[in-house]
Amino acid sequence: MNLALTEMRRSKLRFGLLAGAVSLLVFLVLLLTTLSNALVNSITGALKGVDANVLVYSANARDNLQASRLDPAVVGQVAEVPGVTAAGPVSVLTTSAALKDGTEDLQVFGFEPGQPGAPTALSEGRLPENASEVAMDGGGYAIGDTLELTAADKQATVVGLLRGAQFNASPTAYLTEDLYGQIVKATNPNVPFVPVNAVAVSVDGDSEAVVSAITAEVPGTKAYDKDDAVSLIPGVASISQTFGILVGLTFIIGIVVIGFFFLILTVQKMKTFTLLRAVGAGTGRLSAVVALQIAVVVLLASAIAVLLTLLAVRGLNSGIPVELSPVLVIGTVAAVLAFSLLAGLLSIRRISKIDPFTAAGAR
Amino acid sequence: MNENLEFVPPHPGDPGVDPASDATSHKDAILRVEDVSKIYSSGDTEVHAVSKATMAVDQGEFVALLGPSGSGKTTLISMIGGLLSPTTGTINLAGTDVAGLNKRDLTKFRAERVGFVFQAANLVPFLTARENLLYVSTLQKRISRKEAHARADQLLEELGLAPRAKNVPEQLSGGERQRVAIGRALMNDPDLILVDEPTAALDTKLGRQVVELLAREIKQRGKTGIMVTHDLRMVQYTDRVFEILDGELTHVEQPSALAH
Ligand SMILES: Nc1ncnc2c1ncn2[C@@H]1O[C@H](COP(=O)(O)OP(=O)(O)OP(=O)(O)O)[C@@H](O)[C@H]1O
Ligand SMILES: [Mg+2]
């Protein structure tokens, strides 16, 4: 004989509508967060996936990898700094290619095999080892395909596929510095040397100390902890902030809806709660009724929301890879549940104020 | 039925005994109310709802509390049932000093020791008749779940509600609802049943039926009961009648003395 569940069973419409409304709000939270993550990841994925603890840009790059130009000799200088275990070049450029999916814009990411700077998000195959191999994220490639680098008039065989490693939300090719240099020289025959954009550094121990040491000891450079470098990518902060506000607002609306709905239900049930207090039900017991109903509504709504989000993510054809993360789902549901129970305190406060004698009154 | 009532000669012009002196003659009373007063103060006005009430009720007795509207009947039985604390005075039910209990113990006291039938809203609207009975059994620990189910079914049977056990209150008639409330009051095997105007919403015939049933249940189970009423015709089902007027218990008498 459970009061909370029995009431819900008898008032399916009422609680069903609430669960429906809450599920839409949870769905919005999940979808917006998923999209925001996907969008941010499409911009940051490549840098995040670089095998390094610290990244070094040129001092005048204003925190922007693409604006950074370093003499390749800097790689060696950085490697000498105490605390640095290894250093490798990272080079990026945008070129045109005849991609399998019909598009032309290709991001190219150069690295030195076996050195820091190599990508880590390999999902299939292996990383390129020489100038005729490439690993791809996006563009519709499978292992064994040939990538046509039209601007440089070169070809490379796809030997590996990566996930979540796109740069600037475009198909991205990971290749050796060797091939990178060939592309640069083919498209800009007059360059005196092939610059690198950044030095990827692996560090033994405290990266903060190494960051300051590199900046201080290697002239013309500025070093960053990798996470800092990722969050400084142009656009990331504003995307996170914009979506953060939307998600936050939706979340708050959801909590307020739950809080007030249960408060209204509680006020409507005052007569019943008063009667139950009079016949010997304690405040704790009646509060548990509200808490249990909130938990059931939130969990039911969350289940619906997850289903909706999965459908939406599958149906979305946004061009950037979108995935619903279980951590996000669990975190969101737990947060909604926790705050909804807090909002339930509004109702519980009302219940605790009941004077059971009122039940004896004629009205 | 009223063998424990000692004969005290009536005062001239007074139809019954003074409840205070009656109380001293009930040495083994299960319920003892002594000098209980209740003053409601709202703003700067004070309402003396009950003044220095003294009464004693024996184990197994079913008594009436008779008085006009506003005379303090509900206030008095609410204090006896632990819903309201007296301004002054003591109430003792089977050895428990009711007025001395703290809030938590009062809740337990109401769940286990008292069965209420209130004047108005008595039932949980979204629970069936049977569930209304079963729910109160979850508020105590003396009766097991299994016993509670058997007890609920038996009570519903005795109250003629077996065919309505699965109906929610809005599907029941007024009389049926009051009968469910009576079942609810008896459910936890309380020491004392307090019934406030059980017939207020019923016509005379139904009212009689409900009170008859109530009296029968209380007697059969050897329970002690107090029924509040302002209807003279209902007192014939009780053992003794306490009369209350303007918050004062004026006298106790036999129901037969009030019959017309
Ligand atoms: N909460 C309260 N605050 C102030 N005065 C109250 C309160 N409850 C009752 N009273 C007053 O106390 C007096 C006794 O009320 P009570 O409800 O006990 O009477 P009653 O005999 O049960 O009447 P009725 O037959 O109409 O139910 C009345 O004058 C009433 O107005
Ligand atoms: Mg009353």
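Reminder, nothing fancy here: chain letters follow the sequence lines and each chain counts from 1. Owing to the predicted nature of the structure, the values given are computational and were not obtained by experimental measurement.
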Practice task
List the steps, then state whether side-chain contact (heavy atoms from CB on, under 4.5 Å) holds for B:Arg184 with A:Leu275.
Solution key: CA-CA 12 Å; B:Arg184 203 261 329 275; A:Leu275 169 74; 4.0 Å; yes
Do you know which of [options] has the most heavy-atom pairs under 4.5 Å to chain A?
options	result
B:Leu123, B:Leu127, B:Thr128, B:Leu134	B:Leu127
B:Thr75, B:Asn122, B:Val114	B:Asn122
B:Arg110, B:Glu197, B:Glu112, B:Arg104	B:Arg110
B:Leu194, B:Ile77, B:Val124	B:Val124

Indicate the atoms forming the closest heavy-atom contact of [X] with [Y], along with that distance.
X	Y	value
A:Ala278	B:Phe118	CB-CZ, 3.6 Å
B:Ser78	A:Phe357	OG-CE1, 3.1 Å
A:Ala281	B:Tyr135	CB-OH, 4.3 Å
A:Thr272	B:Pro125	OG1-CD, 3.1 Å
B:Asp196	A:Ala360	OD2-O, 3.9 Å

Exercise for the section: Kindly check if the number of other-residue, nucleotide or ligand heavy atoms within 6.0 Å of CZ (A:Arg163) is above 12? Expected result: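 No.
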Problem - B:Arg221 CZ: over 12 foreign heavy atoms closer than 6.0 Å - result: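 Above 12, so yes.
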For residues 162-170 of chain B, dump all side-chain donor-acceptor pairs below 3.5 Å to protein atoms at least two apart in sequence or in another chain.
| residue | atom | partner | partner atom | Å |
| --- | --- | --- | --- | --- |
| B:Arg164 | NE | B:Glu176 | OE2 | 3.2 |
| B:Arg164 | NH2 | B:Gln171 | O | 2.9 |
| B:Asn167 | ND2 | B:Gln171 | OE1 | 3.1 |

Contact class of [X] relative to chain A, heavy atoms under 4.5 angstrom:
X	result
B:Arg145	side chain
B:Val136	side chain
B:Ser137	neither

Problem - Heavy-atom side-chain contact between A:Arg9 and B:Phe126 under 4.5 Å - result: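 Side chain of A:Arg9 against side chain of B:Phe126, heavy atoms only: no contact under 4.5 Å found.
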Practice task
Would you mind reporting whether B:Glu131 and A:Leu3 have side-chain heavy atoms less than 4.5 Å apart?
Solution key: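 SC-SC contact between A:Leu3 and B:Glu131 ruled out.
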Exercise for the section: Please test A:Arg277 against B:Thr107 for side-chain contact (heavy atoms from CB on, under 4.5 Å), starting from the C-alpha separation and ending with a verdict. Expected result: CA-CA 7 Å; A:Arg277 290 279 287 115; B:Thr107 301; 3.7 Å; yes
